[in-house]
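For reference, the structure discussed in these notes is given below.
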Number of protein chains: 2
Amino acid sequence: MTRPLRADSERTVRAILDAANRVLAADPGASLQQIADEAGVARTTVHRRFANREALMEALVQDMLEQMESVIDDSRPETAPPLVALHEMSAGYIRLKSRWRVGAVTEADVHQDVVERIKAKNRAMFQRLADAGVIAADTDLEWAVRAYFALLHEAVERRAATGSEPDTLAALVTSTLVGGLREPVSPA
Amino acid sequence: MTRPLRADSERTVRAILDAANRVLAADPGASLQQIADEAGVARTTVHRRFANREALMEALVQDMLEQMESVIDDSRPETAPPLVALHEMSAGYIRLKSRWRVGAVTEADVHQDVVERIKAKNRAMFQRLADAGVIAADTDLEWAVRAYFALLHEAVERRAATGSEPDTLAALVTSTLVGGLREPVSPA
DNA sequence: CGAAGTTGCAACACCAATGTAGCGACTTTG
DNA sequence: CAAAGTCGCTACATTGGTGTTGCAACTTCG
C-alpha cells in the first residue's frame, strides 16, 4: 500500500519490534522508554514509527503472527510425516522464544486474517496426526491445539531457565503431548 | 500480630481482594479505581487498607497462595489414591478460577514460605504418581508440575468459554497429562 | 448508649508515561 | 552530488494513576 521503507528506517523498525518482544515478554506493562533503550534508539523515534502505544502493539502482534506462520510453513506440515512436522514446528516455535499464545488470541482483532490462517493450519496439523493414528481419532482438536501451545510456552520458559537445546525441548513437548507422562521421553 | 479487624473492615478487605483477583486476571495493569469499582468501594478505601499498589499485590498473592494450598490439602494427596487426588486437585483448582500459575512465581518473594510448601506438595503428589506407576518412574518432576499447571490454565480458559463442568475438565486435564492425546479421554 | 473505628466523598499534590514540535547532523537513494 | 528522508536531542503540554488529607455520616462493639 505505502511505498517501501528506506533501509535505515527498516532497520530501526525491526530493532524496535525485536526489543519490544523481549521487553514486553518480561513485563507486559513496560514503558516505551524501556523499549527504546533496549532497541538502542531514542524514545521519540519510537513515536515517529508508531503513532500510539497501541499501534506498536498491533504491529508487534502482526509481526509475531507472521513469524509464527512462517515457522509453521517451514515445518512442511502437508508433506512431511506428521510426527516429524510436529517436532519441527515445536523446535521452531521454541527458537522463536515467543511468549505469545496464539490460542489466547481469541478476540476479534485487526489480525483476524492471519490468526484464522494459523488456527486453520494448526488444526489441519492435528487432523493429520489423528488420521495417521498418532493421536486418538476422536481428539478434540481445539483442546489439542491449546494444550500444545500451553506446553510449548512452558518449554520456552524452561529454555530461558536451563538453556536446553530447542530440539531436546521439542522432543519433550511432543512426547508429553502425544504419549503423556506415562511413557518415558523418546526421541522422534 | 495486630489485633483482629473489625467486622466491616474484614468484609471490605475480602471484597477488595476478590475484586482484585477478578479484575487483574482480565487485565494485569488495571487501575486501583477499577478494582475499587468492582469491589463496590471508594478508591480511597483501598488506599486505607493497603498502603501501596504493591502492598495490595502482595496481600493478593498471599491470599491466592493460601487458597491454593487449601485446595491441595482438601484433595488429601497423602491418603487418597494418587489418581483420585490428582483429579480432586484439578477440579479444585479449576473451581478457584485461579489464573495464577504457581510455577511462574519463581522469584524470591515475601511469599517464599507458602510457595515452597506448595511446590513441595505438588512435587510430592507427582512423586506418588511415579511410585504408583501411573507415570514413568524417571519423569522430570519439575516438568511434570509445570506441564500440569499449563494444562490447568487452559482448562480454566475453556471453562470461561464453554461453561463445562469442573469435573469434566479435570478429567480432560488428567487424561491428557497422564496418557497424552494418543488415548481417548477416560474417566478416572 | 457512647467511644472507637470505618466509609464515602471532595479536593489536592505529584509523578511517570505519553505524545508533540523543531532543529542540526547524518544517511540513503536516484 | 543533491534532494529527500531519518535520527537524536531538547523542551514542552497533557493525562491518568497514585497517594494524602479532612470531614460528616454511619457501623461496630464493649
Side-chain angles (χ1 to χ4, degrees), chain A residues 1-64 99-100 107 109-111, chain B residues 1-64 99-100 107 109-111:
Chain A
M1 11 200 97
T2 64
R3 77 161 161 288
L5 289 177
R6 230 176 68 173
D8 47 359
S9 293
E10 187 153 341
R11 274 198 303 271
T12 303
V13 169
R14 265 259 60 83
I16 294 176
L17 287 177
D18 289 344
N21 186 31
R22 285 193 297 272
V23 173
L24 292 178
D27 173 15
S31 70
L32 297 184
Q33 180 70 68
Q34 288 174 266
I35 296 175
D37 289 348
E38 173 79 16
V41 148
R43 184 177 65 88
T44 47
T45 298
V46 176
H47 279 105
R48 235 189 298 262
R49 292 292 131 201
F50 305 95
N52 293 332
R53 178 176 236 272
E54 196 186 344
L56 171 59
M57 292 307 205
E58 265 183 24
L60 182 57
V61 172
Q62 185 71 29
D63 184 60
M64 291 307 302
R99 307 202 172 195
W100 295 79
E107 29 270 345
D109 270 333
V110 198
H111 314 286
Chain B
M1 9 202 94
T2 64
R3 79 162 159 288
L5 289 177
R6 229 175 68 173
D8 48 359
S9 294
E10 187 154 341
R11 274 198 302 272
T12 302
V13 169
R14 265 258 61 83
I16 294 176
L17 287 177
D18 290 344
N21 184 30
R22 285 193 296 273
V23 173
L24 292 178
D27 173 16
S31 70
L32 297 184
Q33 180 69 67
Q34 288 174 266
I35 296 176
D37 290 347
E38 173 79 15
V41 149
R43 185 177 64 89
T44 48
T45 299
V46 176
H47 280 106
R48 236 189 298 265
R49 293 291 132 201
F50 305 95
N52 295 332
R53 178 175 236 271
E54 195 186 343
L56 171 58
M57 292 306 207
E58 266 184 22
L60 181 58
V61 172
Q62 185 72 28
D63 184 58
M64 290 305 303
R99 303 205 168 201
W100 292 80
E107 27 270 346
D109 269 332
V110 198
H111 314 286

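A note on names: the letters A, B, ... follow the listed sequences, proteins ahead of strands, and every chain is numbered from 1.
- dG19(C) atom C1' lies 14 Å from atom CD of Glu54(A), rounded to whole Å.
- Heavy-atom minimum distance, Val46(B) versus Ala36(B): CG2-CB, 3.8 Å.
- If you measure from atom CG of Asp27(B) to atom C1' of dG16(D), you get 14 Å, rounded to the nearest angstrom.
- Computed from coordinates, the Glu10(A) CD to dT27(C) P distance equals 18 Å when rounded to whole Å.
- Taking side-chain N and O atoms only, Arg11(A) has no distance below 4.0 Å to OP1 or OP2 of dT27(C).
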In sequence, state the C-alpha distance, the side-chain angles, and the governing distance for Asn21(B) and Glu38(B), and then conclude on side chain to side chain contact (heavy atoms under 4.5 Å, CB included).
-> CA-CA 10 Å; Asn21(B) 184 30; Glu38(B) 173 79 15; over 6 Å; no

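- Comparing dT18(C), dT29(C), dT27(D) by their nearest atom to the side chain of Asp8(B) picks out dT27(D).
- Residue Arg6(A) places no side-chain N or O under 4.0 Å from the OP1 or OP2 atom of dG5(D).
- The side chain of Thr45(A) places no N or O atom within less than 4.0 Å of a non-bridging phosphate oxygen (OP1 or OP2) of dC7(D).
- Taking only side-chain nitrogens and oxygens, Thr44(B) never comes nearer than 4.0 Å to OP1 or OP2 of dG8(C).
- Here Gly29(B) lies out of heavy-atom contact (under 4.0 Å) with every strand.
- Asp18(B) contributes atom CG, which lies 7.0 Å from atom CG of Asp63(B) (distance to the nearest 0.5 angstrom).
- Closest to the side chain of Arg53(A), out of dT18(D), dG19(C), dG8(D), is dG19(C).
- When the nucleotides dC7(D), dT18(C), dC29(D) are ranked by their closest atom to the side chain of Arg49(A), dC7(D) comes out on top.
- For the pair Ile35(A) CD1 and dG19(C) P, the interatomic distance rounds to 11 Å; values are reported in whole Å.
- If you take NE2 of His47(A) and C1' of dT6(D), they are 17 Å apart, rounded to a whole angstrom.
- Look at CG on Asp37(B): it is 14 Å from C1' on dC9(C), rounded to the nearest Å.
- Toward the 5′ end of DNA chain D lies the nearest nucleotide of Gln33(B), the other residue of the pair Leu5(B) and Gln33(B) mapping further downstream.
- Between the base of dG19(D) and the side chain of Arg48(B) there is no donor-acceptor pair shorter than 3.5 Å.
- Summarising the geometry, the separation between CG on Leu32(A) and C1' on dG16(D) is reported as 15 Å, rounded to the nearest angstrom.
- In this model, the phosphate group of dC7(D) is approached by a side-chain N or O of Thr12(A) to a distance below 4.0 Å at OP1 or OP2.
- Considering Val41(B), Leu17(B), Leu56(B), Leu5(B) as possible partners of Arg49(B), the one that fulfils the side chain to side chain contact (heavy atoms under 4.5 Å, CB included) test is Leu5(B).
- At least one side-chain nitrogen or oxygen of Asn52(A) sits closer than 4.0 Å to the OP1 or OP2 atom of dG19(C).
- Interatomic distance, CG of Leu32(A) versus NE2 of His47(A), reported as 5.0 Å (0.5 Å rounding).
- At dC9(C), none of the side-chain N or O atoms of Arg43(B) fall inside 4.0 Å of OP1 or OP2 (strictly under the cut-off).
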